[in-house]
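Naming: A, B, ... by sequence-line order, numbering from 1 per chain. These numbers come from the heavy atoms of this one structure, side chains and all, not from hydrogens, waters or symmetry mates.
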Amino acid sequence: MPELAEVEVVRRNLERWWEGRGASQVLVLDEKLLVDTTAPAMEEALLRPLEKADRRGKYLLCRLEGGQVVVFHFRMTGKIVCGDEAEPKYGRLSWFVDGSGWLVFKDQRRLGKARLLSAEEFETYEPLERMGPEPDDLSVDHLRQNCSDRRLLKTALLDQSVVAGVGNIAISEVFWRLELAPDVKCGQLSDEDWENLVRELPIYFEEIIKLSTSDEIKYVEEAGSSNIFQIYGRSGEECSRCGGRIEKMKVGGRTSYFCGGCQR
DNA sequence: TAGTCTGTTAGACA
DNA sequence: CTGTCTAACAGACT
């Protein structure tokens, strides 16, 4: 799935496409994406105007008038687009908003989820309750408290209860920016490293949000997309900083890209 | 064919 | 109790 940046781009798009209006038609195309709710309940809910589109970590929160909240999680390939077609390829849930068109939750791999929560359920929704601070609200103290010396830094940062929204791509990119080895342990970081990390994370996301802003998020390797990243997906290429060779290796079970020249 | 993938979670293991 | 690994979810692509 998209990481924080891609979810944020969708959130901003929804502000334009949907806020202040309700759908006039709703189609549940694939019931598999619904969690703890039924197609009729979801269809009825989406007829209500969208009060506010919010984001927390990688979760998209659509607050409807009356208090219900639709919580989307895109997992690996989910996204929301706006177009003329009610049932495009990979469409799972569609709703028509006057003045904008068909908003469609598309999800090639069908791992994404849409949940309908009452105002009370939303207040105590567990995944959000235990989520760590957003990157722009992160402190060195909080981070160090949640990163024991023996733990891989990568594993700790991918843990959404430590910090919200960080994904596998952000790990490679931020480690490259800070010249950190992909398999560095938390105990190996200096005070300065921790400060740099807390400073760089929100800057990274802000830059990627800017570069990703468009009506339809294109994921790396997806047809028609270009790779906006410095090293993610670039093994074999030259490092733009030192000219070294970009390599990849498995760390914590997932691929990390890194420069063999400048990342100690 | 086997391996790969921007995510999350449960269960096995050391 | 801690941390890591694998599988599972599902589909397309190399």
Side-chain angles (χ1 to χ4, degrees), chain A residues 1-11 29-36 55-60 71-80 88-92 105-115 125-132 135 145-176 182-188 201 204-205 207-209 211-214 216-236 248-257:
Chain A
M1 131 180 213
E3 306 185 355
L4 183 156
E6 292 76 20
V7 181
E8 177 61 20
V9 170
V10 170
R11 189 196 69 77
L29 305 171
D30 181 359
E31 298 216 16
K32 192 185 172 298
L33 96 162
L34 302 180
V35 186
D36 294 338
R55 180 192 57 74
R56 183 77 173 89
K58 303 172 189 176
Y59 288 81
L60 180 64
V71 178
F72 290 102
H73 197 296
F74 297 146
R75 293 288 191 108
M76 299 289 270
T77 54
K79 57 170 78 172
I80 293 174
K89 198 171 183 189
Y90 306 129
R92 310 295 175 198
F105 181 112
K106 291 206 281 183
D107 186 12
Q108 184 195 96
R109 287 172 63 181
R110 304 173 75 209
L111 293 172
K113 298 289 174 228
R115 200 177 289 258
Y125 184 48
E126 221 233 317
L128 300 183
E129 290 261 280
R130 59 180 149 86
M131 188 164 304
Q145 271 166 27
N146 287 277
C147 295
S148 66
D149 286 354
R150 294 183 311 176
R151 200 175 186 192
L152 282 166
L153 178 63
K154 173 173 177 174
T155 307
L157 294 178
L158 286 175
D159 181 343
Q160 300 297 296
S161 70
V162 174
V163 51
V166 176
N168 198 40
I169 294 184
I171 295 291
S172 284
E173 294 293 309
V174 171
F175 279 34
W176 178 81
D183 57 353
V184 68
K185 292 273 183 49
C186 294
Q188 296 174 293
L201 271 174
Y204 163 79
F205 280 118
E207 291 177 5
I208 296 304
I209 288 167
L211 289 173
S212 306
T213 295
S214 79
E216 176 164 353
I217 290 286
K218 295 274 204 251
Y219 297 139
V220 179
E221 312 289 340
E222 194 176 4
S225 65
S226 63
N227 184 349
I228 61 173
F229 301 106
Q230 287 289 331
I231 58 165
Y232 186 88
R234 296 191 183 279
S235 52
K248 64 175 177 176
M249 69 185 281
K250 287 261 189 214
V251 180
R254 323 232 351 237
T255 303
S256 280
Y257 292 84

Respond yes when some side-chain nitrogen or oxygen of A:K58 is under 4.0 Å from OP1 or OP2 of B:dT8, and no when none is. yes

In chain order, what residues pass the side chain to side chain contact (heavy atoms under 4.5 Å, CB included) check against A:S235, with sequence neighbours excluded? A:K248, A:Y257

Across the strands shown, which category fits A:G252 at heavy-atom distances under 4.0 angstrom: base, sugar-phosphate, nothing? sugar-phosphate

Tell me the interatomic distance from A:L4, atom CG, to B:dG7, atom P, rounded to whole angstroms. 11 Å

Distance, rounded to the nearest Å, where A:L33 contributes CG and C:dG11 contributes P: 13 Å

For the side chain of A:T255, counting heavy atoms from C-beta on, which of B:dT4, C:dT4, B:dG7 is nearest? B:dT4

Checking contacts here: which listed nucleotide (C:dA12, B:dT9, B:dC5) is nearest the side-chain heavy atoms of A:Y232? B:dC5

Base, sugar-phosphate or nothing for A:L158? Non-hydrogen atoms, less than 4.0 Å. nothing

Calculate the interatomic distance between A:D149 atom CG and C:dC1 atom C1'; express it in whole Å. 16 Å

When rounded to the nearest Å, what value does the distance between C1' atoms of B:dT8 and C:dC1 take? 22 Å

Please determine if a side-chain N or O atom of A:K250 lies less than 4.0 Å away from the OP1 or OP2 oxygen of B:dC5. yes

In terms of side-chain heavy atoms of A:L111, which of B:dC5, B:dT9, C:dC9 is nearest? C:dC9

DNA chain C: stems of at least 3 consecutive Watson-Crick or G-U pairs, cut-off 3.5 Å? B:2-5 with C:11-14, B:7-14 with C:2-9

Identify whether any heavy atom of A:R92 sits under 4.0 Å from a base atom; if not, whether one sits that close to sugar-phosphate; answer base, sugar-phosphate or nothing. nothing

Nearest-Å distance for atom pair CZ/P, residues A:F229 and B:dC5: 15 Å

Please report the distance, rounded to the nearest Å, between CE in A:M76 and C1' in C:dC13. 13 Å

Using atom NZ of A:K154 as one end and atom C1' of B:dG7 as the other, report the distance to the nearest whole Å. 13 Å

Rounded at 0.5 Å granularity, tell me how far CG in A:D183 sits from NZ in A:K154. 10.0 Å

Does B:dT8 have its OP1 or OP2 closer than 4.0 Å to a side-chain nitrogen or oxygen of A:R254? no

Please report the distance, rounded to the nearest Å, between CZ in A:R150 and C1' in C:dC5. 16 Å

In whole Å, what is the span from the CE atom of A:M131 to the C1' atom of B:dG7? 12 Å

Which nucleotide in the list B:dT8, B:dG7, C:dG11 gets nearest to the side chain of A:R110? C:dG11

Are any non-hydrogen side-chain atoms of A:I208 and A:E3 less than 4.5 angstrom apart? no

Partner residues of A:I209 under the side chain to side chain contact (heavy atoms under 4.5 Å, CB included) criterion, sequence neighbours left out: A:L4, A:A5, A:E8, A:V9, A:R12, A:T213

Measuring to OP1 and OP2 of B:dG7, would you say a side-chain N or O of A:H73 lies under 4.0 angstrom away? no

